[in-house]
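Heads up, the thing below is written out as structure tokens.
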Amino acid sequence: MGMCGRFAAELDYPEIAQILHAQPSAGLPGKSWNVSPTQTIAVIGQDAHGVNHLASAYWSLIPPTAESKKFPYPTFNARIESALDRPTFAQAARHNRAIIPVSGYYEWTAEHKPYYFHAKDNRPLLLLGLYSWWLSRERANATWLLTATILTRDSVGIAAQVHDRMPVLCDPQHAQEWLNRSVSGDKILPEASAYGARLSQSLLASHEVAPLHGDGPELTEPYDEMMLRF
């Protein structure tokens, strides 16, 4: 599984909407501790009128020009260093920036040992991302589909002990500038990447977990504690 290809979402949507000054939409996804690409996730983005929305999205960004959901490469992550230069992500990186709230995310070592990363105080993590609207013609009636990707950068701190890439983190104090569509992407992406690196070193905690199978809160429990039950 690629970098940041699984996360947990045990989220209080009204609280997140309040923190990020967003209007929640109907039909937000239920709780899950094993969310994977192409599933439905919750994202916060800003519309053309400057209003933030908390809505459901398809986890794998599809640019407006795409003819289908099927890509020759994965689009559930995008490198923040090159997002403005990649045709798939460039338009979204300029103006359609998003925040993906998660309760934690998983990453694997080179030896395939899974680790769970979360905030030290167990508050939701705010991951930086991009969103794009795509007109789906896969059925008789064409429908607009909101799609999203999670931005990654070089790992620092404890994250670097597990994998060489990590999601770019944000906090509520900087979220509004990130979401602001009037702020140019070429200015804010480098600043956000640097801030995310600093934030992660004070915010993140991690522990090894058992191999991910099924779904449930037990997936996030420390591996050694689970072993003591047997």
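As the structure is a prediction and not an experimental result, all values here were calculated from the model.
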In this structure, CD1 of Ile150 is separated from OG1 of Thr152 (nearest 0.5 Å) by 9.5 Å
* To do: Please test Glu107 against Lys113 for salt bridge (charged side-chain N to carboxylate O under 4.0 Å, His left out), starting from the C-alpha separation and ending with a verdict.
  => CA-CA 8 Å; Glu107 194 49 73; Lys113 292 181 179 180; over 6 Å; no
When rounded to the nearest 0.5 Å, the distance separating CG of Leu126 from CD1 of Ile19 is 7.5 Å
Next item on the list: Give a yes or no answer on whether the side chain of Gln201 reaches the backbone of Arg198 with a donor-acceptor pair at less than 3.5 Å.
Entry: no
So CD1 of Ile62 and NZ of Lys70: to nearest 0.5 Å the spacing works out to 12.0 Å
Expected output: side-chain Ser103 to main-chain Pro124 donor-acceptor under 3.5 Å:
no
TODO: For Thr40 and Pro29, indicate whether the former's side chain and the latter's backbone hold a donor-acceptor pair under 3.5 Å.
DONE: no
Subject >> Close side-chain approach of Leu189 and Leu84, heavy atoms under 4.5 Å >> reply: yes
### Task
Could you check if a side-chain atom of Ile100 sits within less than 4.5 angstrom of a side-chain atom of Ile44, using non-hydrogen atoms only?
no
* Does the side chain of Trp33 reach to within under 4.5 Å of the side chain of Leu212, using non-hydrogen atoms? -> no
Side chains of Ser184 and Asp186 only: does a donor on one sit below 3.5 Å from an acceptor on the other? yes
In terms of hydrophobic clusters joined by side-chain contacts under 4.5 Å, are Val102 and Leu179 together? no
### Expected output: side-chain Arg153 to main-chain Ser193 donor-acceptor under 3.5 Å
yes
Residue pair Leu54 / Tyr13, side-chain heavy-atom distance below 4.5 Å: yes
Practice prompt. Any chance you could lay out the side-chain contact (heavy atoms from CB on, under 4.5 Å) test for Leu203 and Leu169, step after step, and finish with the verdict?
Written response: CA-CA 9 Å; Leu203 179 65; Leu169 304 181; 4.1 Å; yes
Worksheet entry | Whether over 12 other heavy atoms sit under 6.0 Å from Arg181 CZ | yes
* Asked: Does a side-chain heavy-atom distance below 4.5 Å link Met166 with Tyr105?
  -> yes
| request: Indicate yes or no for a side-chain donor-acceptor contact from Arg6 to the backbone of Tyr106 under 3.5 Å, with no hydrogens or angles considered. | output: no
Query - Check: Val51 and Gln23 side chains under 4.5 Å, non-hydrogen atoms - result: yes
Rounded to the nearest 0.5 Å, the OG1 atom of Thr147 sits from the OH atom of Tyr58 at a distance of 9.0 Å
*Indicate yes or no for a side-chain donor-acceptor contact from His163 to the backbone of Arg165 under 3.5 Å, with no hydrogens or angles considered.*
yes
*asked:* Check for me whether the distance between the ring centres of Phe7 and Trp59 falls short of 6.0 Å.
replied: yes
**Study point:** Pro64 vs Ser132 side-chain heavy atoms within contact, under 4.5 Å
**Key:** yes
Interatomic distance, OH@Tyr115 vs CH2@Trp108, rounded to 0.5 Å, equals 13.0 Å
Could you check whether Tyr116 and His207 have their ring centres less than 6.0 Å apart?
yes
Q.
If we ignore hydrogens and angles and just use 3.5 Å, is the side chain of Ser60 paired with the main-chain N or O of Pro37 as donor and acceptor?
A. no
(Q) Looking at Glu191, I'd like to know if its CD atom is crowded, meaning that more than 12 non-hydrogen atoms belonging to other residues, nucleotides or ligands lie closer than 6.0 Å. (A) yes
Whether the side chain of Asn34 engages the backbone of Asp215 through a donor-acceptor N/O pair (distance < 3.5 Å, no angle test) should be reported.
no
*When hydrophobic residues are tied together by side-chain contacts of less than 4.5 Å, even through go-betweens, does Val35 share a cluster with Ile16?*
no
field: Check: Ala98 main-chain N/O paired with Trp178 side-chain donor or acceptor under 3.5 Å
entry: yes
| field | Under 3.5 Å side-chain donor-acceptor pair for Tyr131 and Thr149 | value | no
> How about His174 and Tyr195: are their ring centroids closer than 6.0 Å?
Replying inline: yes
Of all heavy-atom pairs linking Asp47 and His53, the shortest is OD2-NE2, 2.8 Å
Arg123 meets the salt bridge (Lys or Arg N to Asp or Glu O under 4.0 Å) criterion, sequence neighbours left out, with Asp121
Other residues, nucleotides, ligands: >12 heavy atoms within 6.0 Å of Gln173 CD: yes
For the backbone of Val162 and the side chain of Thr109, can you confirm whether one donor and one acceptor N or O come within less than 3.5 Å of each other? no
- Item | CA sep, side-chain torsions, deciding dist, call: Gln46, Asn96, side-chain hydrogen bond (donor to acceptor under 3.5 Å, both in side chains) | CA-CA 8 Å; Gln46 189 173 99; Asn96 296 349; over 6 Å; no
Output for pair (Cys170 SG, Leu151 CG), nearest 0.5 Å, gives 11.0 Å
Check: Same cluster or not: are Ile188 and Val168 linked, directly or through other Ile, Leu, Val, Met, Phe, Trp or Tyr residues, by side-chain heavy atoms under 4.5 angstrom apart?
Finding: yes
- Near Gln39 CD, under 6.0 Å, is it more than 12 heavy atoms from other residues, nucleotides or ligands? yes
Within 45° cone of Phe89 ring axis and under 6.0 Å: Arg97 NZ or CZ: no
Discussion item. In the structure I gave you, are the side-chain heavy atoms of Leu11 and Lys31 within less than 4.5 Å of one another anywhere?
Written reply: no
Looking only at heavy atoms, the pair that brings His118 and Asn122 closest together is ND1-OD1, 3.2 Å
Check: Do Trp144 and Leu61 belong to the same hydrophobic cluster, where Ile, Leu, Val, Met, Phe, Trp and Tyr are linked whenever their side-chain heavy atoms lie under 4.5 Å apart, directly or via other members?
Finding: no
In terms of hydrophobic clustering (I, L, V, M, F, W, Y; side-chain heavy atoms under 4.5 Å; direct or indirect links), are Leu127 and Leu28 co-clustered?
no
* Asked: Where do Glu81 and Asp154 land on the side-chain contact (heavy atoms from CB on, under 4.5 Å) test, with the steps shown first?
  -> CA-CA 9 Å; Glu81 304 93 331; Asp154 287 340; 4.1 Å; yes
